[in-house]
Amino acid sequence: MTYFGIEGANSRRIEVDEGLAPGAKTDGVEENLHLKRQVAELRRANEVLKAASVSFAKALDQPTTR
């Protein structure tokens, strides 16, 4: 099907975005990709924080000399 002279995947994307065909709309897909990137970044930050807490805990367990 040709939609405004655009064929193939672009035509399909337009049909989905306008609700003429089933599927995920472009802005929903873009938001999903953004959220996946954000989750990955938060997981990396969480790993850094876990490693730091282990390091601080080890430092606190060391006997102090006075």
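- Among residue pairs with one or both ends in residues 46-61, those qualifying as salt bridge (Lys or Arg N to Asp or Glu O under 4.0 Å) are Glu47-Lys50; sequence neighbours excluded.
- For Glu41, the salt bridge (charged side-chain N to carboxylate O under 4.0 Å, His left out) criterion is met by no residue, not counting sequence neighbours.
- With sequence neighbours excluded, no residue forms a salt bridge (charged side-chain N to carboxylate O under 4.0 Å, His left out) with Lys36.
- Remark: Gln38 engages His34, Leu35, Leu42 in a side-chain contact (heavy atoms from CB on, under 4.5 Å) (not counting sequence neighbours).
- Within the model, atoms CG of Asn46 and CZ of Arg44 stand 12.0 Å from one another, a figure rounded to the nearest 0.5 Å.
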